[in-house]
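Note sheet for the following structure.
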Amino acid sequence: MLYKCKINITICYNDITFGGVVIDLRRAKILVTSFVCAIVAVGATSGNMYLALAGIVIGALFMALVRRRSAEVHIDERVEALGGRAARATFVIMSVFLGLLSLGFIFIGRNTGDGGLEALGTVFCYVVCLNCAVYSITFKYFDREHGGEY
Amino acid sequence: MTRQKARLKNLGFCVAGIGFLMLLFMFFVTASWIGYEVKEVCEEAMLKYEGDRVEALTKLLEDDAADFRARNSAAWALGQLGDRSALAAVKKSYKGYEKGTRCDRSAELCQYELYKAVKLLEGGMNISAFVWR
């Protein structure tokens with residue numbers, strides 16, 4: 001059975017408006033980088049670590065907001081498909097690995113009477129269950145997002 | 001508009017579902033950890049005192065020479081185990097608890113701990129016990 005999947009390709013807007021002034025995104029990046037460099041330099045020379053950190057955080061925050069506002073989203077179908085497959089493979093590998101690890105820990109813990117190891121195994125078991133449940137929910141969500149009915 | 005509403009609803013279900021699962025996960029992990037701690041306290045008590053785990057914990061609780069931290073842990077573990085045969089011993093140590101009073105677990109028998117243990121031993125609900133008992 002085949003299921004159709006919508007793939008949205010968003011057009012890239014390279015300009016952002018900032019206080020009514022249109023700025024090229026590349027220039028905005030340069031501006032923010034210079035700002036962060038200047039703040040970090042001032043912070044480093046004056047021995048104020050917090051100032052340097054604040055500069056970096058503000059710069060990162062600004063860039064994140066600018067990216068969202070400028071809607072600069074280049075969706076490459078190949079990258080999307082590869083990302084999806086890599087994510088699925090990671091999920092399967094980690095689930096199996098943690099599942100086996102948890103079984104091993106519980107088994108060894110019970111045999112040696114090490115309660116800590118057994119508790120760790122139990123927690124890993126819950127992690128695997130949570131992983132599977134979250135996968136199911138997100139799968140359902142994306143399925144509905146892309147028009148699936150089941 | 002309806003499409004937008006459907007998408008929002010879908011997102012809401014997804015976020016609520018994942019949030020609920022996270023809470024459930026935290027509950028189960030915490031409950032497992034409580035079980036592990038109870039087991040640890042029981043094993044420590046059984047190394048020093050004779051009898052099964054409840055008897056060993058009761059003896060530890062009543063031992064004036066023992067460390068207060070260990071005795072408080074014994075009271076807590078007895079409450080968690082919920083075995084009514086320990087009720088008399090716990091009640092003997094319980095002098096009364098006033099809400100808001102703080103206790104130093106290393107310097108005295110914590111009355112709040114004993115109060116909780118008495119409540120659990122008298123049949124109070126222990127929501128985490130079914131996970132590890």
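Model, not experiment: these values are computed from the prediction. Each chain gets a letter, A, B and so on, in the order its sequence line appears, and its residues count up from 1.
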*Crowded around B/Leu8 CG? As in, over 12 foreign heavy atoms under 6.0 Å?*
yes
*Which atom names give the shortest non-hydrogen contact between B/Val131 and A/Tyr126, and what distance separates them?*
CG1-OH, 3.5 Å
*Any chain of hydrophobic side-chain contacts (each under 4.5 Å) joining A/Met94 to B/Phe25?*
yes
*Look up atom CG in B/Leu11 and atom CD in A/Glu145, then write down how far apart they are to the nearest 0.5 Å.*
7.5 Å
*OH/B/Tyr36 to CG/A/Leu117 distance, rounded to the nearest 0.5 angstrom?*
9.5 Å
*CZ on A/Phe142 to CG on B/Asn10, rounded to 0.5 Å*: 9.5 Å
*Heavy-atom neighbours of A/Phe91 CZ exceed 12 at 6.0 Å*: yes
*How long is the span from the CD1 atom in A/Ile137 to the CZ atom in B/Phe13, to the nearest 0.5 Å?*
11.5 Å
_ILVMFWY cluster, B/Ile127 and B/Val29 together (side-chain gap under 4.5 Å)_ = yes
_Restricting to ring-ring contact (aromatic ring centres under 6.0 Å, His included), what partner residues turn up for B/Phe27, sequence neighbours left out?_
none
*Carefully, step by step, assess B/Ile18 and A/Tyr141 under the rule side-chain contact (heavy atoms from CB on, under 4.5 Å).*
CA-CA 11 Å; B/Ile18 291 173; A/Tyr141 168 73; over 6 Å; no
